[in-house]
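The structure under discussion appears below in the form of C-alpha cells.
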Amino acid sequence: MAMMPHERSLVEELKGKPFALIGINTDGKDKYEEGQKSDKGPVTWRSFDDGNTQGPICRAWNIDSFPSIFVLDHEGVIQQMDCRGEELEKAVKDLIAKAEAAAKK
Amino acid sequence: MKSVRTALLAAFLASISVGQDPAAGGTEKVRALEKQFQELQQKLQKDFAAVEKLPEKDREGAGDRIYGEFQKAAEQIADQVLTIATSDHSQVGFEALGAALSMQLVKAQRATVVELLTEHYAASASIEALLPRLRYLGGKTVDALLQKVVETNPSKSAKGTASLVQAQREKNESKREQLLERVAADYADIAVGGEKLGDIAGRLLYAMRNLKIGGTPPDIVGKDMDGVAFKLSDYKGKVVVLDFYGFW
C-alpha cells in the first residue's frame, strides 16, 4: 500500500483541523491485524470493516479497483476522486480552508 | 539450489506431457489439467516465498526466472486444455473452455477460447456461468460473443447476464446508462449470483449518477475494525477522505 506513509503523515499534520481520513477495509479482521503489525502498517485512521472486496459498502459504491479515493467537502459533496500524493494533499487543504471560512460566518 | 529447482521443474514438465494424445479427452482429463495448474500456482507461491529469503540483490533475478518458468509451464497446460476444446464441441469441450478461463492464458489462447465459445456455445444455457469472466477481456470478439448470447440464447438468465456484462464493458457513460436501464427494465427479476439483475443494475446506475464529482453519496453505516458502530454522517462538518483499501 504505497499511499500509507503519506496518509499517516497527513493524519498527523491535520490533527485538530476539520478533517477525517476514513478507510473502508477489504482485508477482513484477521488479515487487517496482520497488516497492522507488518512494515506496511499501521493504519492510524478509522476504517469500516467491509469484510472483503465484494462487501456491501464496496458494492454500493461500485468499487472495482483498489485503492479508490473520494474527497468529500464539509457538506458531504464529492469534490475529488482518485487523486494521490500532492494532488490529494492540495485538495484536502483547500477544502479545509473553505470549511474553516464557512464556520466563521 | 538452482540445479535442484531446474530438475524438479523438468520432472514436472515431463509429467505434464504424458497423455498429450488428444483422443484421450474427457471430463477427467480436464479435471486433471485443472489440478496440474493449481499445483503449479502453489509451487509458484512456495518458490516466491523462498526468494524472499535470498539476499536483496539476488531477489529480482530469481523472481523473474521463477515467473518465466511458471509462464512456460502454464502455457503448456492451457494448450492441452484447448486441444480438448478444439476437438470436442460437446459438454466436455465446454468444461475445457471454462477450465481455460480460470488459467493463465496468452493472447492467442484467449482468442481461441472466445472463438470456440462464440461458434459452439453462444446458445447454450450453461454459458451463463462463464460470462462474468469475460468482463475484463479486451477485444471486439468478446463484444460479438456477448451480442450473440443476447440474440440467440434461449435462456433469459443467460441473456440478462450477457446484457449486464455488455453494460459493464461500455466505456461511453451515456451508452452505459442506457444499457443498464434496459437491463433493469427487461431482466429485473432474473437472479444472478444471489442478487436480482434489477437490483444490480439499480445500484450501478445509482453509483454512476451520484458517486461522481458534485454528487452527494449515500450515508455509510457500518462497524469499524473493533466492532464499534459508526456512520459517515458522524463526520459532517469535516472534510473527509474515503479510502477503499486493503493490505493485500
Side-chain angles (χ1 to χ4, degrees), chain A residues 1 3-4 7 10 14 17-27 29 31-36 38 40-41 43 45-50 52-53 56-64 66-81 88 91-93 95-96 98-99 103, chain B residues 52 132 135-136 164-165 167-171 173 176-177 180 192-196 199-248:
Chain A
M1 270 301 305
M3 285 186 67
M4 282 188 187
E7 287 174 308
L10 259 187
L14 298 173
K17 296 278 185 180
F19 169 73
L21 171 54
I22 298 178
I24 290 89
N25 180 277
T26 59
D27 290 308
K29 184 120 186 21
K31 283 233 140 54
Y32 172 80
E33 296 299 338
E34 268 179 50
Q36 287 296 74
S38 76
K40 290 180 190 167
V43 164
W45 52 94
R46 204 171 191 186
S47 296
F48 283 99
D49 184 355
D50 210 24
N52 56 60
T53 57
I57 306 172
C58 286
R59 281 190 299 143
W61 285 63
N62 194 30
I63 305 297
D64 56 15
F66 298 85
S68 271
I69 304 291
F70 295 80
V71 184
L72 280 59
D73 68 17
H74 66 279
E75 295 178 310
V77 177
I78 298 173
Q79 295 296 345
Q80 275 278 36
M81 288 168 60
L88 173 62
V92 165
K93 288 177 173 170
L95 291 173
I96 289 176
K98 290 200 174 109
Chain B
E52 289 302 304
R135 181 173 162 189
Y136 296 109
L164 178 65
V165 176
Q168 290 170 319
R169 285 168 65 84
E170 177 55 60
K171 294 203 159 68
E173 262 208 40
R176 190 171 355 127
E177 207 172 336
L180 286 171
V192 168
E195 209 182 344
K196 289 189 185 162
D199 294 336
I200 297 174
R203 66 176 162 77
L204 292 175
L205 280 165
Y206 184 86
M208 271 184 66
R209 288 165 177 160
N210 296 285
L211 299 182
K212 58 183 187 181
I213 293 178
T216 304
D219 199 5
I220 302 177
V221 177
K223 291 189 178 155
D224 67 15
M225 303 309 295
D226 295 319
V228 178
F230 77 112
K231 296 180 262 178
L232 172 59
S233 51
D234 294 341
Y235 296 85
K236 203 107 191 239
K238 294 189 179 178
V239 171
V240 171
V241 170
L242 288 175
D243 177 7
F244 290 76
Y245 76 101
F247 276 103
W248 54 266

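Residue numbering restarts at 1 for every chain, and letters A, B, ... go by the order of the sequence lines. Keep in mind that what you see is a predicted model, and the values were worked out from it rather than measured.
- In terms of heavy-atom pairs under 4.5 angstrom with chain B, the leader among A:I69, A:D50, A:V71 is A:I69.
- Between A:A99 and B:V239, the shortest heavy-atom distance links the atoms CB-CG2, 4.4 Å.
- Contacts of residues 199-206 of chain B with chain A at a heavy-atom distance below 4.5 Å involve B:R203, B:L204, listed in sequence order.
- Under the 30°/60° scheme for interplanar angles, the aromatic rings of A:F48 and B:F230 are found to lie parallel.
- With a 4.5 Å cut-off on non-hydrogen atoms, B:Q168 does not touch chain A at all.
- Looking at B:K223, only its backbone comes within 4.5 Å of chain A, counting heavy atoms on both sides.
- Across A:A103, A:G76, A:P56, the residue that shares the most heavy-atom pairs under 4.5 angstrom with chain B is A:G76.
- Checked options B:W248, B:F247, B:Y245; the residue passing with A:F66 is B:W248 (criterion: ring pair (Phe, Tyr, Trp, His ring centres under 6.0 Å)).
- Counting heavy atoms from C-beta outward, A:F19 and B:V241 have side chains that approach closer than 4.5 Å.
- Using a 4.5 Å cut-off between heavy atoms, A:I63 touches chain B through its side chain atoms alone.
- Note: A:H74 NE2 to B:K236 NZ = 10.0 Å, rounded to the nearest 0.5 Å.
- Distance check, rounded to the nearest 0.5 Å: CE of A:M81 to CG of B:L242 gives 11.0 Å.
- For chain A, the option among B:A207, B:G214, B:P217 with the highest count of heavy-atom pairs below 4.5 Å is B:P217.
- Electrostatic pairing of A:D64 and B:R135 counts as a salt bridge here, judged by a charged N lying under 4.0 Å from a carboxylate O.
- Other residues, nucleotides and ligands contribute at most 12 non-hydrogen atoms within 6.0 Å of the NZ atom of B:K231.
- Of all non-hydrogen atoms in B:L211 and A:I78, the two that sit nearest each other are CA-CD1, 3.7 Å.
- Using a 4.5 Å cut-off between heavy atoms, A:Q36 contacts chain B through both its backbone and its side chain.
- For B:V228, the parts sitting under 4.5 Å from any heavy atom of chain A are the backbone and the side chain alike.
- Per-residue counts of heavy-atom pairs under 4.5 Å with chain A were compared for B:D219, B:T216, B:D224; the largest is that of B:D224.
- Between atom CD1 of residue B:I220 and atom CD1 of residue A:I24 there is a gap of 4.5 Å, rounded to the nearest 0.5 Å.
- Taking every heavy atom of both residues into account, B:P218 and A:W61 meet most closely at O-CZ2, 4.1 Å.
- For A:L14, no part lies under 4.5 angstrom from a heavy atom of chain B.
- Taking every heavy atom of both residues into account, B:D243 and A:P67 meet most closely at OD1-CB, 3.6 Å.
- Proximity to chain B involves both the backbone and the side chain of A:N25, based on heavy atoms less than 4.5 angstrom apart.
- Looking at A:A60, only its backbone comes within 4.5 Å of chain B, counting heavy atoms on both sides.
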